[in-house]
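These notes are about the structure you will find just below.
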There are 2 protein chains.
Amino acid sequence: MIRDALRDAIIDRRLAPGTKLSEAEVGALFHVSRTVVRAALQMLSFEGLVRAERNRGAFVANPTPDEARQVFDSRRLIEPGIAMAAAERIGAADIAAFRMALAGEERLLGERGPSARRAEIRASGDFHLLMAAVAGNAILLKFMEELVARSSLVIALYGRSGASSCGHGDHGRILSALERRDGVEASRLLSLHIDHIEMDLDLRVAEGMALREALATE
Amino acid sequence: MIRDALRDAIIDRRLAPGTKLSEAEVGALFHVSRTVVRAALQMLSFEGLVRAERNRGAFVANPTPDEARQVFDSRRLIEPGIAMAAAERIGAADIAAFRMALAGEERLLGERGPSARRAEIRASGDFHLLMAAVAGNAILLKFMEELVARSSLVIALYGRSGASSCGHGDHGRILSALERRDGVEASRLLSLHIDHIEMDLDLRVAEGMALREALATE
DNA sequence: CAAGTCAAGATTGCATACAATTTTTGCGTC
DNA sequence: GACGCAAAAATTGTATGCAATCTTGACTTG
């Protein structure tokens, strides 16, 4: 439970990258001992959302542009295959779930404000996770959960505020292809979709980050 | 350190699938408290080598044939892409490391006995991990570490004793393609190679496993 | 004699206490 | 006023103790 609460806060960027997650402080907030906090932090460290330093503590991950590229390279490698599998296995119940997720996304696109943006990033990730679930491979689903979480963090960090984070209708078209069981087309659209997301990022800030990071550590 | 020792023991099948890993017992063996043992077991649980049950304890994973298939499906999806990346980035030092790994493998192929078989499975996995390291994506490397570990467990469980587990020279041919920087060919060979490994397994024991599993739990 | 029940033992889950390390802070000196 | 050093405060790493849960085996009962 604590892990999920922290993960949500990190992905929503309520916890800024670099923030120190003191065991005692987190424990006080949740009214639990450091023991369980440590377990939660260890899990998040495995997911790459938290960076743990020996004898120094845990910090909200601050992915570099290079790490951001690795996240999207990984997704470009894995997700098209997931789309192929999902196209083969998709059923009526799955399609209904997709339609509901899409409706939620489009509703959020109309809203304004930072909380709507957060919800939008989250909903967009859920679409991809739903597809991974339909593909029916638990291991790949776990990988995708990690990649989507890291993507959300990267988008929150490097996303251009102007452009909308994800769906220019991409999700809708991908779902259409899945419904037609056209795995090849779904795969192709998904690949383009990941390109779109990455192009929306501003990964040029490679230099100078080390200094700001030191400042952000508080 | 404890995590690595346990992982090696699991992969080498010195710890049989289903074996209970009691916190107190493991702690006594390593002369540490249950606290650190719990941390190690949590990590292995994340890697899928250990199955943790609430209030019951941790057990060496006993992958079902279906899980085994998912492992190899995942590898079929990811590894060809890694081969492509590795072909682009491979350097002289990498090739030297590959040659050394291959020499070790072929030496092991000549030896007899269960300990040579274990070392062979391990060396075979190291070849794939080396390729992932050369590919230069830390996230994919971590995924591959998990997949290779799980594969080793699956091979130990379902491998036919007759056929040699991995290299019918496959690794050598893949390395040749990498040296020529022929990513497409390396990718194709790797895909076939994974098929070879999976064909060497006997995954038909789907039924009746539940009973044997209950017995193996001790 | 089989089946259900309950108590004793064992094991995990969590909290807390102590040790080790790092960070901060205060003092002295240049 | 700046720098260096040392002591104190804070934080993490590990061990241990107690409570909760599960397992086991004997005992009761139909």
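Residue numbers begin at 1 in each chain, while the letters A, B, ... track the order of the sequences.
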Let me know the distance between [atom1] of [X] and [atom2] of [N], rounded to the nearest Å.
{"X": "I2(A)", "N": "dC14(C)", "atom1": "CD1", "atom2": "P", "value": "9 Å"}
{"X": "R38(B)", "N": "dA15(C)", "atom1": "CZ", "atom2": "P", "value": "11 Å"}
{"X": "E53(B)", "N": "dC22(D)", "atom1": "CD", "atom2": "C1'", "value": "12 Å"}
{"X": "E23(A)", "N": "dT23(C)", "atom1": "CD", "atom2": "P", "value": "15 Å"}
{"X": "N55(A)", "N": "dA20(C)", "atom1": "CG", "atom2": "C1'", "value": "7 Å"}

Look at [X] and [N] and indicate whether a side-chain polar atom (N or O) is within less than 4.0 Å of OP1 or OP2.
{"X": "R56(A)", "N": "dT23(C)", "result": "yes"}
{"X": "K20(B)", "N": "dC22(D)", "result": "no"}
{"X": "R54(A)", "N": "dT12(D)", "result": "no"}
{"X": "R34(B)", "N": "dA15(D)", "result": "no"}

Q.
Keeping R160(A) on the side-chain end and M199(A) on the backbone end, is there a donor-acceptor pair under 3.5 Å?
A. yes
*Candidate nucleotides dT21(D), dC14(C), dT12(D), ranked by approach to the side chain of T35(A) - the nearest*: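 Nearest listed nucleotide: dC14(C).
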Which of dT14(D), dC22(D), dT12(D) is nearest the side chain of S33(B)? It is dT14(D)
**Study point:** Heavy-atom side-chain contact between D200(A) and Y158(A) under 4.5 Å
**Key:** no
- Query: Between the side chains of R51(B) and S45(B), is a donor N or O closer than 3.5 angstrom to an acceptor N or O?
  - Reply: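 Result is no, nothing qualifies.
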* To do: Give a yes or no on whether a salt bridge exists between K142(B) and E146(B), defined as a side-chain N under 4.0 angstrom from a carboxylate O.
  => no
